[in-house]
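Chain letters run A, B, ... following the sequence lines, proteins first, then strands; residues in each count from 1.
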There are 2 protein chains.
Amino acid sequence: MGSPAKVLNGDTKERILAAAEKLFAEEGFARTSLRGITVEAGVNVAAVHYHFGSKEALLEALFARRAAPMNAERLAKLNDLEAASSGDVPPLEALIEAFIAPSFRMLEELDPAGPPASQLIARFFSEPEEIVQRLMREQFSDVGARYLATFTRALPDVGPREVAWRFEFMVAVLTHLLAGMHLIDVVPGATPGPADQPETIRHAVQFLAAGFRAPSKGAA
Amino acid sequence: MGSPAKVLNGDTKERILAAAEKLFAEEGFARTSLRGITVEAGVNVAAVHYHFGSKEALLEALFARRAAPMNAERLAKLNDLEAASSGDVPPLEALIEAFIAPSFRMLEELDPAGPPASQLIARFFSEPEEIVQRLMREQFSDVGARYLATFTRALPDVGPREVAWRFEFMVAVLTHLLAGMHLIDVVPGATPGPADQPETIRHAVQFLAAGFRAPSKGAA
DNA sequence: CCATGATTCAATCACCTGATTGAAGCGTAT
DNA sequence: ATACGCTTCAATCAGGTGATTGAATCATGG
C-alpha cells in the first residue's frame with residue numbers, strides 16, 4: 001500500500017528514476033544506496049544495472065531528464081525577450097525572471113516533475129562528485145554565458161566584472177531557494193511563511209534587480 | 001616529505017582535526033572515510049576513536065572549533081555596532097558586513113584556520129546528515145534571530161516578512177561565496193577574477209544593501 | 001632503573017556497498 | 001504449442017566501511 005510495493009510492472013525504468021530522484025535530492029548521491037532506491041521503487045536491485053548500467057549512469061539519466069529541458073526553457077525565454085524588445089536590451093526584471101522561473105516551475109506540486117526535481121538540481125550545485133560537476137559544466141556553461149552577456153548589455157553603467165559578481169549572487173539565491181530554504185529550520189522567526197511560486201519569484205526578482213542596479217563604485 | 005607522513009608525534013589530535021577539516025570540506029562527510037583522514041594525517045585508524053570516539057563525534061568537535069568562535073565574533077560585532085550608534089539603529093551596510101565578515105576572515109591564507117575552515121562551514125549548509133542540521137540549528141538560531149531583528153529595525157519601510165525573505169537571500173550569497181563560487185567552473189566567462197577578501201566583501205555588501213533597500217511592493 | 005598510565009599500532013570484526021551472474025518468468029510471433 | 005527475446009529474480013562476489021581489540025610502545029614520575 002505504501003510506496004515500497006510492486007504495483008503491477010512495466011514502468012520499472014520510470015519507477016527507478018522517480019525513486020532515485022527523490023532519494024538523491026533528499027540524501028545526496030553518496031548517502032543514497034542502490035538498495036534504498038530499489039526498495040523505494042519496489043524493484044529488484046539488478047534492475048538498475050539492467051536498465052541504466054551503473055549508479056553513476058542512473059544519475060546521468062536523471063540529470064539529462066531535468067536539466068536539459070530546464071535550460072532549453074531558459075534559452076527560449078531569453079530568445080523571446082530579445083525578439084520582443086527588437087534590437088534593444090530586454091528590461092532587467094524580465095531577464096531575472098526568465099533565468100529564475102524555469103527552475104521554480106518544477107517546484108509546483110502540479111508539475112509532473114514535482115519538487116524533488118528542483119531539489120535535485122539544487123543539490124547538484126553542492127555535490128562533491130566530479131561527475132556531477134562535469135554535468136553541471138556541460139549543461140550550464142552556454143546558457144550561463146549567454147545570460148551573463150545579456151545582463152552585461154542591460155547594465156551598461158555597472159561594468160562587466162561587477163555584473164559577473166552579481167550574476168554569481170543571483171545564482172546563489174536561486175540555488176538556495178531551490179534547495180528549500182534551510183534557514184527556516186535554523187532561525188525560528190526567519191521563516192517568511194509558506195509562499196506560492198509566483199510570490200517567491202516576485203520577492204527574489206525585486207531583491208535581485210535592486211542589487212544588480214546598485215551603484216558600482218565603492219570608493220567615494 | 002608530503003603531508004601524509006608521520007612527522008614526530010604529540011599533536012595527533014590536531015593532525016586528525018586538520019585532515020578531517022580539509023577532507024570533509026572537499027569531499028563532504030559521507031564520501032570521506034576514516035581511512036582517508038588518518039592517511040592524510042599520517043596517523044593510525046584507531047586514533048580517531050581513541051581521541052574522539054566516532055566519525056560523528058569528530059565532526060562535532062570540528063564544528064565546535066569553527067562555528068562557535070565565528071558566531072561569537074558575529075555577536076560581538078553586532079554589540080559593538082549597537083553600542084556605537086547609541087539608541088539608534090546601526091547603518092545597514094555595517095550590519096551586513098558584521099554578519100558576513102566573520103565567515104570571510106577564515107578564507108584568508110594568513111588566518112590560522114585557513115580556507116578549509118570556511119569551506120567546511122559552507123558545506124554544512126548543504127549536508128544531508130541530520131547531525132549536521134542539528135548542529136547548524138543549535139549554533140545559528142540565536143545569532144540569526146538577533147541579526148534578523150536588528151535588520152527589521154533598520155528597515156522600517158520594508159516590512160518584517162519582506163526583511164525575512166531578504167535575510168534568506170543574504171545567507172544564500174554568503175554560503176555561495178564560502179563554498180568557493182561554483183560558477184567560476186560552470187560559466188567560463190563568469191569568473192570575476194581573483195579577489196582578495198576585502199574586495200569580495202565590498203562587492204557583496206553593495207549588492208546586498210541595495211537588495212535590502214529595494215521598494216517593497218510589487219503591485220503598482 | 002623501573003612501574004604506571006597514556007598513546008599508538010596491526011589485526012580483525014560484522015556490515016554494507018556496487019556490481020555481476022545464471023536461472024526463472026514473461027509476452028509475443030510463428 | 002513452441003521457441004525466442006526481453007525482463008525480473010535470488011544469490012553471490014570482492015571491496016570498502018566504521019568500529020573494536022589486545023598487545024606493543026612511549027613518556028613520565030618514583
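Close to D:dG16, at under 4.0 Å from its OP1 or OP2, lies no side-chain N or O of B:S33. Residue A:H51 places none of its side-chain N or O atoms closer than 4.0 Å to OP1 or OP2 of D:dC6. OP1 or OP2 of C:dT8 sits under 4.0 Å from a side-chain N or O of B:T12.
In this structure, NE2 of A:H49 is placed 12 Å from C1' of C:dT21, rounded to the nearest angstrom. Going from atom CD of B:E27 over to atom P of D:dT17 covers 12 Å, rounded to whole Å. D:dG16 atom C1' lies 14 Å from atom CZ of B:R31, rounded to whole Å. With rounding to whole Å, B:N44 atom CG is found 15 Å from C:dA6 atom C1'. In this entry the distance linking CG of B:L58 with P of D:dG18 reads 11 Å, nearest Å. Remark: C1' of C:dG18 and CZ of A:F24 are 12 Å apart, rounded to the nearest angstrom. Spacing between atom CG of B:L23 and atom P of D:dT17 amounts to 12 Å, rounded to whole angstrom units. Whole-Å rounding puts the B:Y50 OH to C:dA6 C1' distance at 5 Å.
Of all non-hydrogen atoms in B:L120 and B:F24, the two that sit nearest each other are CD1-CB, 3.5 Å. Of all the heavy atoms in B:P102 and B:K77, the pair that sits closest is CG-CD, 4.4 Å.
Between B:F167 and B:Y147, the ring center distance fails the sub-6.0 Å criterion.
Side-chain N/O atoms of A:R66 and A:N71 include no donor and acceptor closer than 3.5 Å.
Toward the 5′ end of DNA chain C lies the nearest nucleotide of B:A46, the other residue of the pair A:E56 and B:A46 mapping further downstream.
Residue contacts for A:T32: at a heavy-atom cut-off of 4.0 Å it reaches the sugar-phosphate backbone alone, with no base atom in range. Residue A:A47 is out of contact with every strand shown, counting any heavy-atom pair closer than 4.0 Å.
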Could you walk me through whether B:R74 and B:S103 pass side chain to side chain donor-acceptor pair (under 3.5 Å), step by step? CA-CA 9 Å; B:R74 275 206 179 89; B:S103 297; 2.6 Å; yes

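Side chain B:R35 to base D:dG18: a donor-acceptor pair is found below 3.5 Å.
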